[in-house]
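Whatever order the structure lists ligands and atoms in, that order sets their numbers, starting from 1. Here, residue 1 is the first one in the sequence, and each next residue gets the next number. All figures in this text were calculated on a predicted structure; none of them were measured in a lab.
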Amino acid sequence: MADMVQRVMHGLRYSLRSSARTPRMAVVIGRLLAAAFLLCFATGLYSHFIQDPAPWMVGLFPSRPSFLYQLTQGIHITAGIVCFPLLFGKLYSVYPALFVWPPVKSKTELLERASIALFVAASLVQITIGILNTYQAYQIFLFPFRQTHYALSYVIIGSLAIHIGIKLPVINRYWRKRDSYDQNGDLVVAETERDDPLVGEIENIPTVVGDQGETVGVGLTGRIYAWIDKTPAPKTPVTRRTLLGAITASAATLVAFTAGQSFRVLDATNILAPRKNDTGPESLPVNRTAKAAKVIPAAMSADWRLSVVGPHDSHSFTRADLEALPQYDVELPIACVEGWSQTARWRGPRVRDLMDAVGAPEGAIVRATSLEMGSIYAVSEMGPQFARDELTLIALELNGEILDIDHGYPARLIAPARPGVLQTKWLSSLEAI
Ligand SMILES: Nc1nc2c(c(=O)[nH]1)N[C@H]1C(S)=C(S)[C@@H](COP(=O)(O)O)O[C@H]1N2
Ligand SMILES: [Mo]
């Protein structure tokens with residue numbers, strides 16, 4: 001019986017042989033996938049901690065270059081999208097390894113299989129909820145997006161580290177080595193060294209005779225590569241070139257059709273991304289409207305004041321008071337964590353002038369609070385490097401017009417190198433804390 005299962009499994013693997021399913025391919029795609037995941041992880045951590053810093057981190061985030069967050073978040077979303085074709089390509093290239101019997105032979109193999117199962121499952125969930133987030137599909141999640149996305153990133157990086165650790169011999173062996181092709185386009189596999197431990201193992205396990213009477217091993221996980229090595233792959237419709245071509249073409253298409261949401265040079269071809277540049281009031285997209293935030297009466301009220309609070313002194317500014325202060329023009333992006341960003345021209349007084357007006361110390365952290373009630377976006381804090389930066393304004397105008405109510409009228413915060421969520425709209429107070 002066990003023998004039967006083994007033969008069926010072997011037959012399946014044998015029929016799935018292809019030049020697109022060599023260890024070299026697994027390594028080549030794996031390298032790209034690992035690079036994309038690491039980029040996502042690093043930029044994701046940056047985004048996470050700039051929004052939610054531990055107290056000792058507050059001073060660490062630089063306020064220049066002013067497009068820094070736009071860049072890190074653009075990379076995060078773009079690399080995340082590219083993970084789709086890479087992950088599917090990688091799965092395509094290795095999935096015959098599922099058909100081994102018995103499924104695990106040793107503790108290392110159990111660990112390897114468990115880590116890879118965890119990695120694949122977590123990655124698929126991660127990139128799927130990530131892309132849904134760019135469409136603002138929060139309602140369909142039964143869990144908080146940010147915390148889940150953050151926790152899963154550690155699961156992914158941890159299982160990836162285990163996987164890479166276990167596969168190191170294969171990765172090392174095929175990092176440079178290529179299988180080649182003869183004039184007929186047949187695969188000539190890279191020469192296997194006789195003392196290769198992967199090959200040594202294969203010779204001690206039951207073998208099955210292939211179509212041409214050759215001996216093909218019943219490989220185990222990992223060793224399937226050695227087994228593939230020993231038998232030339234048949235010519236199949238999906239060759240190494242087809243698979244690489246498909247991955248490259250889909251990755252390039254996805255980037256070309258979506259990256260315009262973060263990188264202006266690709267704006268013309270941005271037809272798939274949920275956000276388009278230059279749309280919305282004053283040619284800038286709106287994330288949350290004044291109506292949705294229920295702030296219209298308070299924002300339009302003649303009683304509106306910006307209260308600026310220092311440790312010993314405080315002052316209330318009307319909009320006219322704010323307009324009477326020295327006005328500055330800055331070009332700064334709104335860079336949303338959901339993956340769209342756009343640069344705009346803002347005008348208004350500097351936050352640091354307001355802080356000086358109430359005698360706040362240079363090193364103070366500044367808390368900005370909105371008229372909006374009951375939203376996590378209604379409050380943001382910034383370290384002194386942002387509060388004191390000459391580009392950090394209380395914006396009263398946007399792209400040459402009075403700030404639109406949907407962009408935060410009567411006044412909003414705009415600072416360099418910060419995520420959109422922290423650019424608080426419909427301000428009611430600024431406090432030095
Ligand atoms: N009070 C308040 N401010 C807010 C938000 C909000 O929901 N409420 N959304 C933030 C988010 S997530 C982004 S990306 C920017 C978007 O600014 P815009 O709508 O003017 O483009 O505003 C930020 N400021
Ligand atoms: Mo945002």
Could an N or O of ligand 1 be found under 3.5 Å from any N or O of [X], whether backbone or side chain?
| X | value |
| --- | --- |
| S375 | no |
| W426 | no |
| Q423 | yes |

key: Mutual orientation of the aromatic rings belonging to H163 and F119 [parallel < 30°, tilted 30-60°, perpendicular > 60°]   = parallel
key: Whether F145 and F141 hold their rings parallel, tilted or perpendicular, with breakpoints at 30° and 60°   = parallel
Atoms in ligand 1 with a heavy atom of [X] nearer than 4.0 Å:
| X | value |
| --- | --- |
| H407 | 18 (P), 20 (O), 21 (O) |
| W340 | 21 (O) |
| C336 | 14 (S) |
| S370 | 1 (N) |
| E372 | 1 (N), 2 (C), 6 (C), 7 (O), 8 (N) |

Taking [atom] as the reference point, the nearest protein heavy atom with its distance:
| atom | value |
| --- | --- |
| atom 6 (C) of ligand 1 | Y377 CB, 3.5 Å |
| atom 23 (C) of ligand 1 | G420 O, 3.1 Å |
| atom 3 (N) of ligand 1 | K425 N, 3.0 Å |
| atom 21 (O) of ligand 1 | P285 O, 2.6 Å |

Pair [X] + [Y]: basic N to acidic O under 4.0 Å:
| X | Y | answer |
| --- | --- | --- |
| E323 | R319 | yes |
| E112 | K167 | yes |
| R388 | D356 | yes |
| R64 | D389 | yes |

query = Pick one: which of T343, L71, L284 meets side chain to side chain contact (heavy atoms under 4.5 Å, CB included) with P333?
reply = T343
request  = Check each of N277, T279, D267, I334 against Q342 using the side chain to side chain contact (heavy atoms under 4.5 Å, CB included) test, and report the only one that passes.
outcome  = N277
query = Of E282, R288, R412, which has the heavy atom at the shortest distance from atom 17 (O) of ligand 1?
reply = R412
query = Does the S66 side chain pair with the main chain of P416, one donor and one acceptor, at a distance under 3.5 Å?
reply = no
